[in-house]
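Proteins get letters first, then strands, A, B, ... in listed order; numbering begins at 1 in each.
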Number of protein chains: 2
Amino acid sequence: MRTAEFDTEFVLRKAMHAFMQYGYAKTSMQKLKEVTHLHPGSIYAAYGNKKGLFLAATEQYQKDRNQQFTALFNDQQSILSTLKHYLTVIVDECIEGEVAKVCLLTKSISEVEGNDPQICTVLRSNLNAYEHALAEQLQKALDNNEFVSSKSAQQLARFLVMGIYGIRTYALTNQDPKSLQQLADDLFAALVN
Amino acid sequence: MRTAEFDTEFVLRKAMHAFMQYGYAKTSMQKLKEVTHLHPGSIYAAYGNKKGLFLAATEQYQKDRNQQFTALFNDQQSILSTLKHYLTVIVDECIEGEVAKVCLLTKSISEVEGNDPQICTVLRSNLNAYEHALAEQLQKALDNNEFVSSKSAQQLARFLVMGIYGIRTYALTNQDPKSLQQLADDLFAALVN
DNA sequence: CCTTATCTTGAATGTATGTTCAAGATAAGG
DNA sequence: CCTTATCTTGAACATACATTCAAGATAAGG
């Protein structure tokens, strides 16, 4: 006979950013309490425990990413030019010291791999969906004769996500925008040649 | 008037493997105590604190990796064929569920980036040295006319490490050996074309 | 407007954490 | 072989952690 008061999206985005910044283990309930403006009781009532909140935040992250992805690839440009632009967006994300500097999914799976199968399964399936979405776009581009390739859309998508993961990791070692953009360009060239 | 008793390399390799498995934050002193067979007093006397032990373990890791790298690239094969073999070694490492499944340097920098500048600086410099070592080999290959490229050895090396980081991350989402080997082949092809 | 189901609050709990330290053990120097 | 410097041992410490729960607050149903 009473409805919850807090804004779910606000809470999940705040939690999501905390997990992106500090990692899963180092994001304490104390910190989550602060950033979400929720008391422990409310968090545990709504999400069960820290892992539950993390998984909910992951879901929100995936939703937000999907929306960004769909918005980019649903405009009327050619798929290849959109893809080139998409890579530039990723490079920019890697540079600006703010949010989205890292991918929550890859960062988290790297952290918990081998230690939390439940979280890993969820993250893996999200990342596989991402790869599949890229494969779909590449298949469309092939169907439209935007480019020709000896490889399948699936193989191309795999190479592309590998490159994206690689750029994001490389950005941790070298923040030079020119180097990162060059990597993106080389990756794109390797894909369409 | 008394010499330390424990075997430094044994201790550092055990610590190194623990950090690789559990990550920096989740590797407790309790765990480190167990795997190194050292009592807290000894650890703190020898390495100061957990971070000191981690940095020493990192140094050991880099030494071991350097030795593997040098052994591979100092045989009498062509550099390109050695590189191709090296990529296969990395793919194998990603598959077998044992040690070396992940790179301690990239896993750790991904975890602590933005939160521990001291550790980041050390890891970054190690990873930069790795990139530089690959650039040297590629420069030699170019000098030997093993292949021709419109890109500099430095640019090629950057692309190569990006690919290696990417393969290692991709392996967290997909353990299929064929897919991983295909990525390595595609990466090699993109490099020399 | 009263009841009641549900949400919010925040103090309390037990455990695990990184670290310290004093007592005991032991190898090298004279 | 005794002295002394250094290492080893493991109990103790304070703090930080994830989680619980009972009391208080509040919105909806009758």
Side-chain angles (χ1 to χ4, degrees), chain A residues 1-58 104 108 111-112 114-120 122, chain B residues 1-58 104 108 111-112 114-120 122:
Chain A
M1 308 287 170
R2 197 182 161 196
T3 47
E5 283 178 3
F6 63 85
D7 176 357
T8 299
E9 287 199 10
F10 172 86
V11 164
L12 292 182
R13 290 219 181 85
K14 288 294 188 182
M16 171 181 124
H17 287 134
F19 284 124
M20 286 165 82
Q21 178 167 7
Y22 304 110
Y24 178 64
K26 268 288 192 183
T27 302
S28 62
M29 286 303 297
Q30 169 73 23
K31 202 97 211 164
L32 289 166
K33 228 180 63 183
E34 287 167 14
V35 299
T36 62
H37 304 145
L38 247 47
H39 293 250
S42 299
I43 296 182
Y44 282 83
Y47 304 104
N49 53 25
K50 180 177 166 180
K51 194 197 280 195
L53 176 53
F54 173 78
L55 290 174
T58 290
L104 176 63
S108 304
E111 181 181 343
V112 306
N115 300 296
D116 194 318
Q118 190 190 356
I119 291 182
C120 277
V122 172
Chain B
M1 307 286 170
R2 196 183 161 193
T3 46
E5 282 177 3
F6 64 85
D7 177 357
T8 299
E9 288 200 7
F10 172 86
V11 164
L12 292 182
R13 291 220 180 84
K14 289 292 187 182
M16 170 182 125
H17 288 135
F19 284 123
M20 286 166 82
Q21 179 167 5
Y22 305 109
Y24 179 65
K26 268 289 191 184
T27 302
S28 62
M29 287 303 298
Q30 169 74 24
K31 202 97 211 166
L32 289 167
K33 229 179 63 184
E34 288 166 14
V35 299
T36 61
H37 305 144
L38 247 46
H39 293 250
S42 300
I43 296 182
Y44 282 84
Y47 304 105
N49 53 24
K50 181 177 167 181
K51 193 196 280 196
L53 177 53
F54 173 77
L55 291 174
T58 290
L104 177 62
S108 304
E111 181 181 344
V112 306
N115 301 294
D116 194 317
Q118 189 190 356
I119 291 182
C120 277
V122 172

Value in whole Å for how far the [atom2] atom of [N] lies from [atom1] of [X]:
X: A:K33; N: C:dT9; atom1: NZ; atom2: P; value: 12 Å
X: A:L38; N: D:dT19; atom1: CG; atom2: C1'; value: 15 Å
X: A:L32; N: D:dA18; atom1: CG; atom2: C1'; value: 11 Å
X: B:H37; N: D:dC7; atom1: NE2; atom2: P; value: 21 Å
X: B:Y47; N: C:dG18; atom1: OH; atom2: P; value: 17 Å
X: B:K31; N: C:dA16; atom1: NZ; atom2: C1'; value: 13 Å
X: A:F54; N: D:dT19; atom1: CZ; atom2: C1'; value: 19 Å
X: A:K50; N: D:dT19; atom1: NZ; atom2: P; value: 8 Å

Would you indicate whether A:K50, at its atom NZ, is surrounded by more than 12 heavy atoms from other residues, nucleotides or ligands within a distance under 6.0 Å?
-> yes
Base partner of [N], which must satisfy Watson-Crick or wobble distances under 3.5 Å:
N: C:dG30; value: D:dC1
N: C:dA25; value: D:dT6
N: D:dA14; value: C:dT17

Nearest-nucleotide 5' precedence on DNA chain D, A:G41 against A:Y24 = A:Y24
Specify the residue among B:A45 and A:Q30 whose closest nucleotide of DNA chain D lies further upstream toward the 5′ end.
-> B:A45
Rounded to the nearest 0.5 Å, how far does OG1 of B:T8 lie from CZ of B:R13?
-> 11.0 Å
How about [X] and [Y]: do any of their side-chain heavy atoms sit closer than 4.5 Å?
X: A:Y47; Y: A:L55; answer: no
X: A:Y44; Y: A:M29; answer: yes
X: A:L38; Y: A:F10; answer: no

Any idea which of [options] is nearest the [X] side chain?
X: A:M29; options: D:dA18, C:dT9, C:dA11; value: D:dA18
X: A:S28; options: C:dT20, D:dT19, D:dA18; value: D:dA18
X: B:Y44; options: C:dT9, C:dG18, D:dG10; value: C:dG18
X: A:F6; options: C:dT8, D:dT19, D:dG10; value: C:dT8

Can a side chain N or O of B:H39 be found less than 4.0 Å away from OP1 or OP2 on D:dG10?
-> yes
Touch check for A:S42, heavy atoms < 4.0 angstrom, all strands: base, sugar-phosphate only, or nothing?
->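 Since a base atom lies under 4.0 Å of A:S42, the category is base.
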